[in-house]
Amino acid sequence: MLSERQMMILRAVVRDFTNTGVPVGSKTLAKQLPIHVSSATIRNELAALEEQGLIEKTHSSSGRIPSGEGYRYYVDHLVKPDPLRPNDMDVIQSSLGGDFHKIDEIISQSATILSNLTSYTAFTLKPELKNSRLSGFRLVPLGKRQVMAILVTDSGDVENQTFDVNETVTGDQLEAVVRLINDQLVGLTLPEVLQKLQADIPMKIANYLQSPEGFLDIFGDVLTRAAQERFYVGGRLNLLNFSQDSDVDSLKSLYSLIDKTDDIANVLGQPSDKISVQIGNEMTNDALRNFSLITATYDVNQHGKGMIAILGPTRMPYSRMLGIVGAFREELAKKLLDYYRFYDE
């Protein structure tokens, strides 16, 4: 349990170090604290904080820096999100104010906006799709035996894929297959459609196509893409500004991590209504030991919940970052709700 004075000193150490990157000494703290405290008293309190593992000395300086436990205590007990700066809100609203034709375009742009606002690497995940329903399927002839399969969900997502058809397949046969899929599968959730593809649908399609396997593979691929979680990443190169590893293999591991959906999903964890902060070794991947991750969900009512996150150095200005993430998730939710309302009309 920290005293009020110790909390005040720890807060000052964290804020000064995150702003300057320079270890903080007793003289600096004496000038910054809102109450008059002698340097000798501050040194005693610093020693007590060090004994509790909340701050540590560096080899090159008599000043102190926060430890991982110190950052954790600061985030859990001392930090308050900063109000969003007016120009930041202008950037968010103007960047989200454009015309978007797909949910994915909004989510992708959001990663770029969040990265630009924070100068860190940002992740955005579209609202969960487990309740999305198939609202339509079409096949569009492109010529030279090429056809485009187009799948649309009730949330406005559109997936397509081009494939070649056998010379023996006629246009009438393809139209019959499209009617079958729309009659049998429209209105079902995407997981239900995937189940149907493993059950009775192949036999029904075989009534129209002599070899339905190729078509079923294409339809399954398009459907799987529509149903899968999709992360977008903004500011990949920003990681180079904060990585303490000059080792090429370590950097490769870091970039490999953020480009793999399953791996980054494990790092981001399960959605929580609260803004979450993971610090250094709290994350399971060793490549992130010098980083902190701030995650937050955004809620678009019946359309589900999505997630945003920023990955930056452990030495980040947490008050400002928490303020940006909190405001951004609200503005993103508003934009998506407007999109869904327009789509539903």
Side-chain angles (χ1 to χ4, degrees), residues 11-12 14-21 32 66 71 74-100 102-127 231-243 258 264 267-268 271-279 291-301 305-341:
R11 182 189 293 113
V14 173
R15 296 197 72 131
D16 190 88
F17 182 67
T18 55
N19 286 334
T20 66
Q32 292 185 357
Y71 282 122
Y74 172 77
V75 167
D76 288 345
H77 302 287
L78 304 178
V79 75
K80 292 182 179 178
D82 287 345
L84 200 65
R85 299 170 184 171
N87 59 314
D88 288 339
M89 181 59 79
D90 291 341
V91 168
I92 294 172
Q93 292 180 340
S94 62
S95 300
L96 289 176
D99 292 327
F100 298 95
K102 293 174 64 176
I103 289 291
D104 288 64
E105 293 177 2
I106 301 174
I107 306 303
S108 175
Q109 175 72 352
S110 295
T112 301
I113 300 168
L114 195 53
S115 172
N116 290 340
L117 282 171
T118 61
S119 298
Y120 298 148
T121 299
F123 304 90
T124 51
L125 171 63
K126 64 195 296 186
F231 289 93
Y232 293 93
V233 184
R236 281 179 170 84
L237 292 179
N238 289 344
L239 287 174
L240 295 175
N241 298 329
F242 311 109
S243 176
I258 67 172
I264 199 62
V267 171
L268 294 179
S272 168
D273 290 337
K274 294 182 179 179
I275 297 178
S276 169
V277 182
Q278 297 180 70
I279 300 169
F291 292 85
S292 285
L293 181 75
I294 300 178
T295 58
T297 56
Y298 59 89
D299 192 338
V300 281
N301 296 340
K305 293 181 180 180
M307 185 184 293
I308 62 173
I310 56 171
L311 180 67
T314 303
R315 185 183 68 82
M316 68 164 62
Y318 290 95
S319 294
R320 173 158 164 73
M321 294 304 112
L322 289 168
I324 289 175
V325 169
F328 189 84
R329 70 169 176 172
E330 293 179 6
E331 293 301 314
L332 177 56
K334 289 178 187 175
K335 175 64 181 181
L336 290 172
L337 285 170
D338 287 343
Y339 175 91
Y340 284 124
R341 285 192 202 99

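As a basis for the values below, the full set of heavy atoms in this structure was taken, side chains included, without hydrogen atoms, waters or symmetry mates.
- In this structure, the side chain to side chain donor-acceptor pair (under 3.5 Å) partners of Tyr318, at least two apart in sequence or on a different chain, are Ser292.
- Ile310 and Val325 get closest at one heavy-atom pair: CD1-CG2, 3.9 Å.
- Ala122 approaches Ala111 most closely through the heavy-atom pair CB-O, 3.4 Å.
- Asn238 and Ser115 form a side-chain donor-acceptor contact under 3.5 Å, judged by distance and modelled atom types alone.
- If you run side-chain contact (heavy atoms from CB on, under 4.5 Å) between Asp16 and each of Thr20, Val14, Thr18, Asn19, only Thr20 comes through.
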Under the side chain to side chain contact (heavy atoms under 4.5 Å, CB included) criterion, do Ile308 and Phe123 qualify, and how do the steps go? CA-CA 6 Å; Ile308 62 173; Phe123 304 90; over 6 Å; no

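- Side-chain polar atoms of Asp104 and Tyr232 form a donor-acceptor pair below 3.5 angstrom.
- Residues Ile92 and Leu114 fail the side-chain proximity criterion, which asks for heavy atoms closer than 4.5 Å.
- Note that OH of Tyr120 is 12.5 Å distant from CG of Leu293, once rounded to the nearest 0.5 Å.
- Contact annotation: the side chain of Ile275 never approaches that of Thr295 to less than 4.5 Å [non-hydrogen atoms, C-beta and beyond].
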Side chain to side chain contact (heavy atoms under 4.5 Å, CB included) evaluation trace for Ile294 with Met316: CA-CA 11 Å; Ile294 300 178; Met316 68 164 62; 3.7 Å; yes

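- Closest heavy-atom contact between Gly235 and Thr121: O-OG1, 2.8 Å.
- The shortest side-chain heavy-atom distance between Leu237 and Leu240 falls under the 4.5 Å cut-off.
- Atom OG of Ser95 is separated from atom NZ of Lys335 by 11.0 Å, given to the nearest 0.5 angstrom.
- At least one donor-acceptor pair closer than 3.5 Å links the side chain of Ser94 to the backbone N or O of Val91.
- Residues Phe291 and Leu239 have side chains in contact (heavy-atom distance under 4.5 Å, counting atoms from C-beta outward).
- A donor-acceptor contact shorter than 3.5 Å links the side chain of Arg329 to the backbone of Thr297.
- You'll find the side chain of Phe231 stays beyond 4.5 Å of the side chain of Lys126, heavy atoms only.
- Side-chain contact between Tyr298 and Glu330 is absent, with no heavy atoms from C-beta onward closer than 4.5 Å.
- The CD atom of Gln109 sits 11.0 Å away from atom CG of Leu332, with the distance rounded to the nearest 0.5 Å.
- In plain terms, the two heavy atoms of Tyr74 and Arg15 that are nearest each other are OH-CG, 3.5 Å.
- With values rounded to the nearest 0.5 angstrom, Leu117 atom CG is found 10.0 Å from Met89 atom CE.
- Taken from CG in Asp76 to OH in Tyr71, the straight-line distance is 14.5 Å, to the nearest 0.5 Å.
- Looking only at side-chain heavy atoms (C-beta outward), Thr118 and Met321 come within less than 4.5 Å of each other.
- Salt-bridge check for Arg320 with Asp88: passed, with a basic side-chain N closer than 4.0 Å to an acidic carboxylate O.
- Taking the side chain as every heavy atom from C-beta outward, Thr124 and Ser108 never approach each other to under 4.5 Å.
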How far apart are the C-alpha atoms of Lys305 and Asp273, what are their side-chain angles, what is the distance that settles it, and do they pass the salt bridge (Lys or Arg N to Asp or Glu O under 4.0 Å) test? CA-CA 9 Å; Lys305 293 181 180 180; Asp273 290 337; 2.7 Å; yes

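- Side chain of Ser319 to main chain of Val79: no donor-acceptor pair is present (N/O by atom type, distance under 3.5 Å, no hydrogens or angles).
- Partner Leu336 forms a side-chain contact (heavy atoms from CB on, under 4.5 Å) with one of Asn301, Asp299, Ile103 and no other, that one being Ile103.
- Atom CZ of Arg11 and atom CD of Gln32 lie 12.5 Å apart (nearest 0.5 Å).
- Salt-bridge check for Glu331 with Lys334: passed, with a basic side-chain N closer than 4.0 Å to an acidic carboxylate O.
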